[in-house]
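No hydrogens, no waters, no symmetry mates; every other heavy atom, side chains included, goes into these values. Residue numbering restarts at 1 for every chain, and letters A, B, ... go by the order of the sequence lines.
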Amino acid sequence: MPHPNPTTARAVITALCRAGQVAKAREVFDGIKSQRSPDCLNAMIAGYVLNGHDSEGLQLFRKFQTSGFDPDQFTLSRMLSISANLNASDEGKQIHTFIVKKNLAVDIAVNNSLINLYFKCKSVGDAEKVFNCMPERDVYTWTVMVSGYATSGSLEKAMDLFNKMPCRNTVSWNSMISAYQSEGYDEMALDLFYKMRERGEVPNKSTFLVVLKACASQQLLDTGKGVHCCLVKLGWIKIVDARCTLMDMYIKCGELLDVQRVFNEISEHNIVSWSILVAGYAQNGKIVEAERIFNGMPERNVISWNVMIAGYVQNGMQDRAFGLFIDMIKGDMRPNCFTLTSLLSGCSSLKYTRSGKRFHGFVMKVGLQSNTSIGNSLITMYGEQGNVGDARLIFDTMPQYDVISWTAIVAAYTSNNDVGEARHIFDQMPQKNLISWNTMMFGYLQNSKNIETNIVTGVTNLDALSFFYEMEQSELKPDQFSYNCALSAGAAIGALEQARAIHCRTVKRGFISDLGVGNALITVYGKCGALNEAEMIFHSMTNPDMVSWNALLTGYSQNGQGSEVLDFYEKMQKSGVWPNRVTFVSLLTACSYLGEVVKGQKFFYAMEKEYGISPTKEHYACMVDLLGRAGHLNDAESIIINMPIEPDAAVWGALLGACKIYGDTVIGRRAADQIFHLEPDNSSAYIALAETLAAARLWEDVAKLRAVMKEKRLLKEPGCSWMEIRNQKHMFLSDDSCHQQKDSIYATLYSLYGSMIEESYALDSDLLISV
DNA sequence: ATAGGGTTAG
């Protein structure tokens, strides 16, 4: 090739690079005499950047730098942005030093690139220094500052600057919208987008894509469809990227048909569009379809594999996920931190402790242990496996935390019954989000659920509820999950007035149509005996599910309204909602109240034979109660003896209770012996047996029993009741005779509940109040 | 400068 002049050479280099022939371009560049023409050098470097060979561009620059060549402004700013992109901050700082040393003239563009560089390597202070010293600024300067703050996590500073900007362009708006969106503030992002349109700023393709992302995570199908229309109108729909983002939005909204439709409109599929399609099917439970598409993909990259592995894990198919991981390694595809986090999250149960350890080993082998997401997954995995020790060890040795790490360790403690430590960590968290608060509140709820942990941890449902009030006072606002927890806590302690107040707030905050919130409301109203209100919520639901029906049925059965249970069950069947084991507990309880032995037996039979639900201890207890209350004590006992699963104290307790009614001391003693064997300190069994013996006037036996109880210190079990009167909470212990307002409370209660109280007094004199 | 798909906490 003849030696072209610099101008021709530059044109040739640019053309070759645009055609993707970087090596050839370099040959031309090396062949010309006037290599040092900044134009040619810039063209060559630009060519490298265009083809994704940033580091070669940097090498070329370094070569010229050492040979005493003075780059122009254009080269400098380009090299600075390459350093920023490569995360080579040292390189960038060297260039900065070079500029200062040589006292080179610096224009706005170079300063802008410097700011960008410093933000990229998190030296916010240095970026600010450059910004403050600039004699002149342009839109780019402001924009790079805004996006720098935004991506360095100072949304406030970014917004502040954004408001102060003398003029904005589409990119400035986009940076701000994108910052809010990627930090999880989708609503703010959308708000800003609407403001942008109001101000008459023209959105571009990127704007719409960010808005689509916000729609995806908020599942705003209608808005998403609107953006789809805009993309079509403006002609951007032809761009594959746009279609990919659209598909993703439809996936998150669960619109598989639209996902497939958009996919079909793409004329040339690439690895991204294929992977999204796989994700679409996998994330919507169509794992077989996903697998089929995955296997038929023309080519795959790590992400395609990750999508499939995550799909298996999300659908509970751990074995397939682990198998694919092996295939991946065999096929020379290197798993990365995304692969491992998915796999580790699949090991979050006792069943997979061994696999979990193996994956942990693999993490160490490939050196991913200091990755924050990996650490987070490990904390969760060990926590869920009941291994708080290892969870803590991981947490303590992690080099860097994010909100998820903190939340994960809190969850690890709450799910292992250490609410105290969980709260201690929660209070120390440097940043908290909605999920962190909900995790803590859910932890209180979980740990006050059963009496055993309640005694160990001392946590009550009131703690969950007061934590909820604390949350309401915080800068974060509760979401549907929070309301769900609060209402469940309220249900457990029968806090009717508080439930009503929380109910109001769910309406105000727009969560009343949430199915989970509705179900929690039915439950709490049912538990409090406010069945009209429970029914009202139920009837206002557009799509009550099995849980809604069960909540209502449980409400009626717990309040002894057997015929309502049976009526509603008939309606449930007509509506086509399938019953589950909870449904049958209500049905059997109802039959027990109504003395409908035959009906109950039919339900019990149908449960297993027609609905394929194997009876649990709870169902057996119901059957024993049903037969026992009807006086069929022998049949009740033989049910227990023939149970295919081990009976617990509650099952024998049902039998003992029936014996108390009928004064059967023979079977009663047998039942009580079984309970004493299972739970040596079960004081209510002692009391029930004592009452049975007393009814038969076996006074000597009663005295002996009392002696045993005294010896075992079972006589004064502090039974505890919560009572809510006129929106005030009161707690009573059974030996608590000095509650300050006791007399006035009794008076109020008496006027409210009258005979009900007398009845409960008569039934159990040891407990002061039980309503 | 913003910029397509994958993960982890309730």
Sugar-phosphate, base or nothing in reach of A/Ser377, heavy atoms under 4.0 Å: sugar-phosphate
Sugar-phosphate, base or nothing in reach of A/Thr380, heavy atoms under 4.0 Å: sugar-phosphate
Side-chain touch A/Thr523/A/Ser488, heavy atoms, less than 4.5 angstrom: no
Contacting residues from residues 395-412 of chain A, given that a heavy atom lies under 4.0 angstrom of DNA chain B: A/Ile404, A/Thr407
Parallel, tilted or perpendicular: ring planes of A/Trp305 versus A/Phe294, cut at 30 and 60 degrees: perpendicular
A/Tyr382-A/Lys357 side chain donor-acceptor pair, cut-off 3.5 Å: yes
Touch class at under 4.0 angstrom, heavy-atom based, for A/Lys213 against every strand present: sugar-phosphate
Sugar-phosphate, base or nothing in reach of A/Gln314, heavy atoms under 4.0 Å: sugar-phosphate
Test item: A/Asn416 side-chain N/O and A/Gly383 main-chain N/O as donor-acceptor pair under 3.5 Å: yes
Parallel, tilted or perpendicular, as decided by the 30° and 60° cut-offs, for the rings of A/Phe131 and A/Trp142: perpendicular
Aromatic plane relationship, A/Phe208 with A/Trp236 - under 30° parallel, 30 to 60° tilted, over 60° perpendicular: tilted
Touch class at under 4.0 angstrom, heavy-atom based, for A/Asp479 against every strand present: base
Boundaries of the DNA chain B segment in contact with chain A, non-hydrogen, under 4.0 Å: B/dA1 to B/dG10
Side-chain heavy-atom pair A/Met328, A/Asn306 within 4.5 angstrom cut-off: yes
Sugar-phosphate, base or nothing in reach of A/Ser342, heavy atoms under 4.0 Å: sugar-phosphate
Cation-pi geometry met for A/Arg168 and A/Phe162 (6.0 Å, 45°): yes
Sugar-phosphate only, base, or nothing, as touched by A/Phe481 at under 4.0 Å among non-hydrogen atoms: base
